[in-house]
Amino acid sequence: MTKPAMAIDLKFDTSLAEGYTSPTQIARVLTEDWMARHMYCPVCGESSLRHAKPGTPVKDFVCPHCGAQFELKSRNSGEAAFDGKVMDGEYRTMISRITSLNNPSFFFMHYDRFQVNNLVIVPNCFFSPDVIEKRRPLPPGAKRAGWEGCNILMQRIPAIAKIPVILDGSPVPRGEVVRAFRRVYALQAHSLKGRGWIVDTLRLVERLGSSFTLDEMYRFAPELQRKYPDNHNIRAKIRQMLQILRDKGIIAFGARGKYRRL
């Protein structure tokens with residue numbers, strides 16, 4: 001059962017770093033410990049998360065109440081922000097998890113001076129093969145020659161899907177995070193193609209700004225046709241997707257084919 005919200009301590013337990021020499025290992029131990037001790041479930045509001053079983057691919061945490069799965073990616077604030085590429089594990093494993101439609105949501109953490117500075121959550125329904133980039137295989141002389149990693153292309157994830165949990169050192173109220181998560185999670189589709197259409201439509205809407213017209217959306221028809229060559233009525237599909245976004249409270253419809261983002 002969900003417990004009352006409490007203030008979040010943003011500091012890491014640095015005593016856990018004793019005995020480690022690798023900066024990567026230290027970061028992993030400290031950030032994962034912080035998540036297990038202080039992070040709640042953004043899906044249902046449950047007050048804590050538990051570690052996933054060791055060795056489970058593309059999954060770090062599980063909600064003990066609703067079963068939602070989460071992966072954590074963290075960076076020091078001195079490194080690049082989470083607005084470009086984020087390195088992840090093996091490409092084939094990631095694609096397998098995503099195409100199963102049982103993939104985890106992702107936490108992206110920026111930390112500074114051993115405490116959390118920024119933390120966002122991206123719901124799992126915004127991950128598709130289009131968001132994952134294959135890295136070059138390791139060269140023949142490498143220990144794991146031929147191994148292919150991947151990158152998460154953050155710029156291909158709509159801004160509305162990047163929900164702040166901690167913003168510039170200030171926690172966002174739990175209720176606001178859960179409401180925001182549920183609002184965008186309601187856009188989830190039950191197929192990879194449907195998921196792709198939602199993500200693509202949201203990205204195009206965001207490219208047009210706070211208000212736009214149906215004719216402006218139609219200008220993206222050639223771009224969408226190249227991506228979905230089997231669809232022979234792209235304009236009708238655009239109208240359908242805008243209707244879905246309107247019904248879910250993401251955009252509002254005005255007169256004469258005019259829309260605005262809410």
Side-chain angles (χ1 to χ4, degrees), residues 42-43 68 81-86 94-95 98-106 108 120-133 151-165 167 172 175-262:
V43 180
F82 287 116
D83 54 8
K85 298 181 180 182
V86 178
M94 174 65 85
I95 293 299
I98 285 176
T99 54
S100 71
L101 291 176
N102 187 34
N103 54 311
S105 299
F106 273 73
F108 295 94
V120 301
I121 177 71
V122 177
N124 60 358
C125 56
F126 289 90
F127 289 89
S128 66
D130 185 48
V131 175
I132 308 301
E133 175 187 65
N151 296 316
I152 300 172
L153 303 177
M154 297 297 291
Q155 69 273 22
R156 293 189 181 178
I157 298 175
I160 193 174
K162 302 169 186 176
I163 302 166
V165 178
L167 190 60
V172 177
E176 290 185 21
V177 174
V178 173
R179 284 192 294 272
F181 190 99
R182 290 177 177 173
R183 179 171 176 246
V184 296
Y185 191 68
L187 295 170
Q188 66 176 315
H190 299 292
S191 70
L192 280 175
K193 185 174 288 187
R195 180 182 288 186
W197 269 107
I198 287 290
V199 173
D200 289 334
T201 304
L202 279 170
R203 284 208 308 257
L204 297 177
V205 166
E206 290 178 354
R207 281 166 60 179
L208 292 176
S210 59
S211 61
F212 59 95
T213 66
L214 184 58
D215 285 340
E216 287 176 314
M217 285 296 294
Y218 282 161
R219 293 173 191 169
F220 296 119
E223 179 179 334
L224 292 169
Q225 187 67 74
R226 288 191 295 271
K227 187 168 183 180
Y228 301 97
D230 294 334
N231 190 304
H232 303 296
N233 200 340
I234 292 293
R235 289 194 171 200
K237 188 65 176 182
I238 289 173
R239 294 193 299 272
Q240 179 192 32
M241 299 312 299
L242 292 177
Q243 179 71 47
I244 291 173
L245 295 186
R246 188 190 76 167
D247 293 345
K248 299 299 184 180
I250 305 301
I251 62 175
F253 174 70
R256 299 179 181 178
K258 295 182 179 179
Y259 298 82
R260 62 183 176 86
R261 288 164 52 191
L262 300 177

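What you see is a predicted model; the values in this text were computed from it and never measured.
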Report task. For residues V43 and A68, report the shortest heavy-atom separation together with the two atoms involved. Result -> CG2-CB, 3.8 Å
Report summary line: Interatomic distance, CD1@I157 vs CG@L202, rounded to 0.5 Å, equals 12.0 Å
Query - Main-chain N/O of Y218 paired to R235 side chain as donor or acceptor, under 3.5 Å - result: no
Report task. Step by step, work out the side-chain contact (heavy atoms from CB on, under 4.5 Å) result for I198 and K248. Result -> CA-CA 12 Å; I198 287 290; K248 299 299 184 180; over 6 Å; no
Requested in this report: Answer whether the closest heavy-atom distance between the side chains of T201 and M217 falls below 4.5 Å.
Outcome: yes
Requested in this report: Mind checking the OG-CG spacing from S100 to L192? Nearest 0.5 Å is all I need.
Outcome: 8.5 Å
Requested in this report: To the nearest 0.5 Å, tell me how far I251 CD1 sits from I244 CD1.
Outcome: 10.5 Å
Report summary line: Heavy atoms of L245 and L187 approach each other most closely as CD2-CD2, 3.8 Å
Query raised in the report: So F106 and F127, would you call those rings parallel, tilted or perpendicular, with 30° and 60° as cut-offs?
Result: tilted
Query raised in the report: Which heavy-atom pair separates Q225 from N231 by the least distance, and what is that distance?
Result: NE2-O, 2.8 Å
Report task. Give the intermediate values and the outcome of side-chain contact (heavy atoms from CB on, under 4.5 Å) for residues K85 and I152. Result -> CA-CA 6 Å; K85 298 181 180 182; I152 300 172; over 6 Å; no
Query - Nearest heavy-atom neighbours spanning A161 and P123 - result: O-CD, 3.3 Å
Query raised in the report: Taking it one step at a time, do M241 and L204 satisfy side-chain contact (heavy atoms from CB on, under 4.5 Å)?
Result: CA-CA 11 Å; M241 299 312 299; L204 297 177; over 6 Å; no
Query raised in the report: Of the non-hydrogen atoms in I163 and F181, which two are nearest, and what is the gap between them?
Result: CD1-CA, 3.4 Å
Query - salt bridge (Lys or Arg N to Asp or Glu O under 4.0 Å): pairs with one or both residues in residues 217-228, sequence neighbours excluded - result: D130-K227, D200-K227, R207-E223
Query raised in the report: Do you know the tightest heavy-atom contact between S105 and I121?
Result: CB-CD1, 3.9 Å
Query raised in the report: Rounded to the nearest 0.5 Å, how far does CD of Q188 lie from CZ of F126?
Result: 10.0 Å
Requested in this report: Examine distances only and state if a side-chain atom of E216 and a backbone atom of L208 form a donor-acceptor pair shorter than 3.5 Å.
Outcome: no
Requested in this report: Please confirm whether the backbone N or O of G254 pairs with a side-chain atom of R260, one donor and one acceptor, at under 3.5 Å?
Outcome: no
Query raised in the report: Considering only heavy atoms from C-beta outward, does the side chain of M154 approach that of F108 to under 4.5 Å?
Result: yes
Requested in this report: Might you work through the side-chain contact (heavy atoms from CB on, under 4.5 Å) test for I234 and F220, ending with a clear yes or no?
Outcome: CA-CA 9 Å; I234 292 293; F220 296 119; over 6 Å; no
Query raised in the report: From I132 CD1 over to N151 CG, what is the distance, rounded to the nearest 0.5 angstrom?
Result: 8.5 Å
Query - Rounded distance [0.5 Å steps], CD1 in I238 versus CG in L214 - result: 7.5 Å
Query raised in the report: Would you say Y259 has more than 12 foreign heavy atoms packed within less than 6.0 Å of its OH?
Result: yes
**Report entry** Exceeds 12 heavy-atom contacts within 6.0 angstrom, atom NZ of K162
**Finding:** yes
